[in-house]
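Heads up: the structure comes next, in structure tokens.
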Amino acid sequence: MSEQSTKVCLLTGASGTIGYAIAQALKASSSPSTNINWHIILIGRRPPPPPITDVDGKPPAVLPYDAFLKAEMTSESSVSSILSSHFESLQSSTDASVQSLNRLDLLINCAGCSLGNEPILDVSADTFKTVMEVNLIVPFILSKWAMSKMAETPAGGRIINIGSIAGESPRLHSIPYTTSKYALGGLTRALSIEGRNLAQTTKSNSAGDGVVAVCQINPGNVRSAIMSAEEAARREKEEGFVEPGDIAKYVAMVASLPNETNVLESTVMPTRQPLVGRG
């Protein structure tokens, strides 16, 4: 059996249900059978809260991540400073196993927000801007930094953006959120071209023939705390829900692919959700 390889993942949005489930799924996929051991770094404004992490009202024995970095996510200077300091500290360690973590194999952009879910006449430009900053500018900032870091190793890396089915089929009164997810699809495709020309796009001699595979996974209906009880009941009856854990398992599967293989865009949705067809 070949030696297990430690890979480093940077994950945003783990204070939410889907992001935390992704961290759990990646850790669960770490095993000798996969030859991958995921070292997971969370970055965000706050770590996962007890309502997300606790099991049966009690803290878990082991959390599904190895480090948490606090940053002002919409500030490029804050994100870059925090990440650079973290990886420089790994490089300067006298422990070879710690030094080996000075790499980045996977970035998962899962942080997001949904505001302004009301008629356009009631949506302010400030609300629209806030949603665009969180759902689009933050993935841009992280992806830019990640590509530079991934170019330091010949293997390159992978970026997974968590989009939404709203980027293909909007709901009424969802202009800020829908616009941000459509734009994220454009960012994903543009980044995928940058990633397959890694040495040129990062101006790096270290990249060699390495590539960064960039893809987007679009969840359909997922239960969330921001959804009203009435809306949740309606969707359950008419469309169904997909569990966060099922989305997370799919993300972990994509993450395990070689960087030379990409799933550019995919949708994980309830079978009954009416994305296509007229009924």
Side-chain angles (χ1 to χ4, degrees), residues 4-44 47-49 51-56 60-66 68 104-112 139 142 146 157-168 181 184-185 188 212-225 227 232 235-236 239-273 275:
Q4 195 172 12
S5 171
T6 296
K7 292 190 174 184
V8 177
C9 168
L10 181 64
L11 171 64
T12 73
S15 61
T17 306
I18 296 177
Y20 191 75
I22 289 172
Q24 292 177 307
L26 283 176
K27 281 296 187 182
S29 71
S30 299
S31 68
S33 63
T34 63
N35 289 329
I36 298 176
N37 176 47
W38 285 107
H39 178 89
I40 301 175
I41 304 167
L42 307 186
I43 184 169
I52 295 290
T53 61
D54 287 1
V55 179
D56 296 328
V62 180
L63 288 167
Y65 58 92
D66 302 279
F68 171 76
L104 184 60
D105 301 278
L106 175 65
L107 165 66
I108 303 177
N109 286 309
C110 188
L142 270 295
R158 181 179 298 275
I159 297 173
I160 300 176
N161 292 325
I162 305 301
S164 170
I165 202 171
E168 183 176 351
K181 293 303 182 179
L184 183 64
T188 298
V212 173
V214 184
C215 67
Q216 182 166 317
I217 297 172
N218 299 319
N221 283 345
V222 182
R223 287 186 182 85
S224 70
M227 188 181 300
R235 294 194 192 184
E236 179 68 66
E239 304 176 3
F241 285 95
V242 63
E243 296 300 325
D246 291 329
I247 295 172
K249 290 174 185 176
Y250 180 72
V251 172
M253 184 275 291
V254 173
S256 71
L257 295 172
N259 296 333
E260 291 73 20
T261 301
N262 196 18
V263 182
L264 180 61
E265 187 171 0
S266 53
T267 301
V268 181
M269 57 185 279
T271 303
R272 293 190 291 118
Q273 188 166 2
L275 173 63

- Within a strict 4.5 Å, meaning less than it, do heavy atoms of the Thr53 and Pro60 side chains meet? yes
- Sequence neighbours excluded, which residues qualify as side chain to side chain donor-acceptor pair (under 3.5 Å) partners of Tyr65? none
- Message: If you compare all heavy atoms of Ile247 against all heavy atoms of Pro219, which two are closest, and at what distance to 0.1 Å?
- Response: CD1-CB, 3.5 Å
- Query: What distance separates Lys249 NZ from Gln24 CD, expressed to the nearest 0.5 Å?
  - Reply: 11.0 Å
- Query: Would a 4.5 Å heavy-atom cut-off, applied to side chains only, mark Val222 and Pro244 as touching?
  - Reply: yes
- Query: Going from CG on Asn161 to CG on Asn109, what distance comes out if it is rounded to the nearest 0.5 angstrom?
  - Reply: 4.5 Å
- Judged by atom type as modelled, is there a donor-acceptor pair below 3.5 Å linking the side chain of Arg158 to the main-chain atoms of Ile108? no
- Taking C-beta and beyond as the side chain, do Pro64 and Leu26 meet within less than 4.5 Å on heavy atoms? no
- Query: Can you name the nearest heavy-atom pair linking Leu264 to Thr188, along with the distance?
  - Reply: O-CG2, 4.4 Å
- Item | Criterion side chain to side chain contact (heavy atoms under 4.5 Å, CB included) against Val251, the qualifying member of Ile22, Leu11, Asp246, Leu106 | Ile22
- Item | Minimum side-chain heavy-atom gap Asp66-Ile41 below 4.5 Å | no
- Taking all non-hydrogen atoms of both residues into account, name the closest pair between Cys110 and Thr12 and its distance. N-OG1, 2.9 Å
- Query: If you look at every heavy atom in Asn218 and Gly163, which pair is closest and at what distance?
  - Reply: OD1-CA, 3.4 Å
- Item | From OG (Ser30) to CD1 (Ile36), nearest 0.5 Å | 8.0 Å
- For Leu63 and Tyr20, run side chain to side chain contact (heavy atoms under 4.5 Å, CB included): C-alpha distance rounded to whole Å, both residues' side-chain angles, the deciding distance at 0.1 Å, then the answer. CA-CA 10 Å; Leu63 288 167; Tyr20 191 75; 3.8 Å; yes
- Task: To the nearest 0.5 angstrom, please state how far the CG atom of Leu275 sits from the CE atom of Met269.
- Result: 4.5 Å
- Measure the spacing between CD of Glu265 and CD1 of Ile217 and express it to the nearest 0.5 Å. 10.5 Å
- Message: Are the side chains of Val263 and Tyr250 in contact, using a 4.5 Å heavy-atom criterion?
- Response: yes
- Task: State which residues pass side chain to side chain donor-acceptor pair (under 3.5 Å) with Gln273; sequence neighbours excluded, sorted by chain then number.
- Result: Asn221
- Looking at side-chain heavy atoms only, is the closest gap between Arg272 and Arg235 below 4.5 Å? no
- Query: Can you list the residues that meet the side chain to side chain donor-acceptor pair (under 3.5 Å) rule with Ser164, with sequence neighbours excluded?
  - Reply: Tyr177
- Can you measure from OG (Ser5) to CG (Asn35) and round to the nearest 0.5 angstrom? 8.0 Å
- Go through Asn259 and Val212 one step at a time and tell me if the side chain to side chain contact (heavy atoms under 4.5 Å, CB included) criterion holds. CA-CA 6 Å; Asn259 296 333; Val212 173; over 6 Å; no
